[in-house]
There are 2 protein chains.
Amino acid sequence: MEAMPYNRPMLLALLRKHDISPTHQRLEIAQVLFRRCHHLSADQILVMVNKRHAETSKATVYNTLNLFRDCGLIREVIVDPKRVFYDPNTEPHHHLYNVDSGEITDIAADALSVSGLPDLPPGMVTVGVDIIVRIRASDSLLG
Amino acid sequence: MEAMPYNRPMLLALLRKHDISPTHQRLEIAQVLFRRCHHLSADQILVMVNKRHAETSKATVYNTLNLFRDCGLIREVIVDPKRVFYDPNTEPHHHLYNVDSGEITDIAADALSVSGLPDLPPGMVTVGVDIIVRIRASDSLLG
DNA sequence: CTCTACATTAGACAAAGTCCAATAATTGAA
DNA sequence: TTCAATTATTGGACTTTGTCTAATGTAGAG
């Protein structure tokens, strides 16, 4: 796996490599996503990007996230019905989801193996296999 | 696994067994969920329940689904960021999700095995493991 | 039958995300 | 460097899913 693109020149190269014109807003959003490799919601990204100066709109955040997703730069993580999280790690891997705190942690794909997946209906292809391990504190209310 | 509760008396018994008072609306919703063992969204259930005569409100559908879920009668399936699906099958199993059509199909849990799940952080328990195999037609646009 | 606790309801509300038409920025070519 | 054409950004209206509330309705124990 290549090094994470921390700085502006690397982010710029990353966008160019994917034929995305590197506007100011897109670079800001990319920076937030790739600097600290967290799982972030659109709303969190909107806040972070506008921390210093308000300079990016909600519409642009959504446009950009959808663009990045379509280009394979990031991946959607669907674990919470309330919001989508975006994952800057597009290598195959899975997720640990803390249902109380909402925290998402990666599980390396090679640590884990699945056997016995069914044959697909004819003419169908697998887009991806998502494994979500939902966890919570053992002393939490529902325990 | 016990037989699916198709008819009114069986549905009534099912609700009573879970200490749910069997109102007209709850029986209608249970019927829609358990008769044809599909994965349905709240909206689909609202439409189906009011097919003949409008007699159940949106609020009641949501109240009832949350109640059934809390009682372990049904399970939420989170595969589509746009809506939650409800699954009348609470036995451990997984899902095949057609990303084009939205169709959800069960994968029997015993057909499939996962190894290499990581140790949990101390004081944490697993609530559940969800495996979602996302599929699409091989001649679909993105292919 | 009546009383009380619980269910249902319409509609207001909230949050996530999309759409639109106007404005602004970027880029390639001259 | 400048210009025109394309592409991006924007605020705000809009849509959808789901929740909340306060008022009304219902069921069933006694």
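We name chains A, B, ... by the order of the sequence lines, and we start the count at 1 in each one.
In this pair, His95(B) and His39(B) present their aromatic rings perpendicular. The plane angle is above 60°, beyond the 30 to 60° band.
With rounding to whole Å, Arg83(A) atom CZ is found 18 Å from dT18(C) atom C1'. Here the P atom of nucleotide dT19(D) and the CG atom of Asp70(B) are 11 Å apart, to the nearest Å. At whole-Å resolution of the value, CG in Leu46(A) and C1' in dT9(D) are 13 Å apart. Separating the CG atom of Asp80(A) from the P atom of dA15(C) is a distance of 14 Å, rounded to the nearest angstrom. Rounded to whole Å, atom P of dA16(C) lies 15 Å from atom CD of Glu76(A). Rounded to whole Å, atom C1' of dA27(D) lies 14 Å from atom NE2 of His24(B). What separates CD1 of Ile45(B) from P of dG18(D) is a distance of 10 Å, to the nearest Å. The distance between atom CD of Gln44(A) and atom C1' of dG17(C), rounded to the nearest whole Å, is 16 Å.
Residue Asn66(B) places none of its side-chain N or O atoms closer than 4.0 Å to OP1 or OP2 of dG18(D). For Thr23(A), a side-chain nitrogen or oxygen approaches OP1 or OP2 of dT9(D) to under 4.0 Å. Look at Gln25(B) and you'll find a side-chain N or O under 4.0 angstrom from OP1 or OP2 of dT9(C). At dT18(C), none of the side-chain N or O atoms of Tyr62(A) fall inside 4.0 Å of OP1 or OP2 (strictly under the cut-off). Contact annotation: Asn63(B) side-chain N/O to dC6(C) OP1/OP2 distance is not under 4.0 Å. Under 4.0 angstrom from either OP1 or OP2 of dT27(C) there lies no side-chain N or O belonging to Ser21(A). The phosphate of dA7(C) has OP1 or OP2 within less than 4.0 Å of a side-chain N or O from Arg26(B).
Test Val32(A), Ile29(A), Thr56(A) against Met48(A) for side-chain contact (heavy atoms from CB on, under 4.5 Å) and you get one pass: Val32(A). Applying the side-chain contact (heavy atoms from CB on, under 4.5 Å) test between Val61(A) and each of Leu65(A), Thr64(A), Asn63(A) identifies Leu65(A) as the sole match.
Where Ile20(B) and Asp43(A) meet DNA chain C, the nucleotide closest to each residue was compared, and Ile20(B) sits on the side nearer the 5' end. Nearest-nucleotide mapping onto DNA chain D: of Ser41(B) and Arg16(B), the residue sitting toward the 5' end is Ser41(B).
A salt bridge links Glu28(A) with Arg8(A): the closest approach of a Lys/Arg side-chain nitrogen to an acidic carboxylate oxygen falls below 4.0 angstrom. A salt bridge links Asp130(B) to Arg134(A): at least one charged side-chain nitrogen sits closer than 4.0 Å to a carboxylate oxygen.
Using a 4.5 Å heavy-atom cutoff, the side chains of Ser21(B) and Arg26(B) are in contact.
Residues from residues 49-61 of chain A that place a heavy atom under 4.0 Å from any atom of DNA chain C, listed by number: Lys58(A), Ala59(A).
Of the candidate nucleotides dT17(D), dT27(C), dG17(C), dT27(C) has the atom nearest to the side chain of Pro22(A).
Asp87(B) and His38(B) form no side-chain donor-acceptor contact under 3.5 Å, judged by distance and modelled atom types alone.
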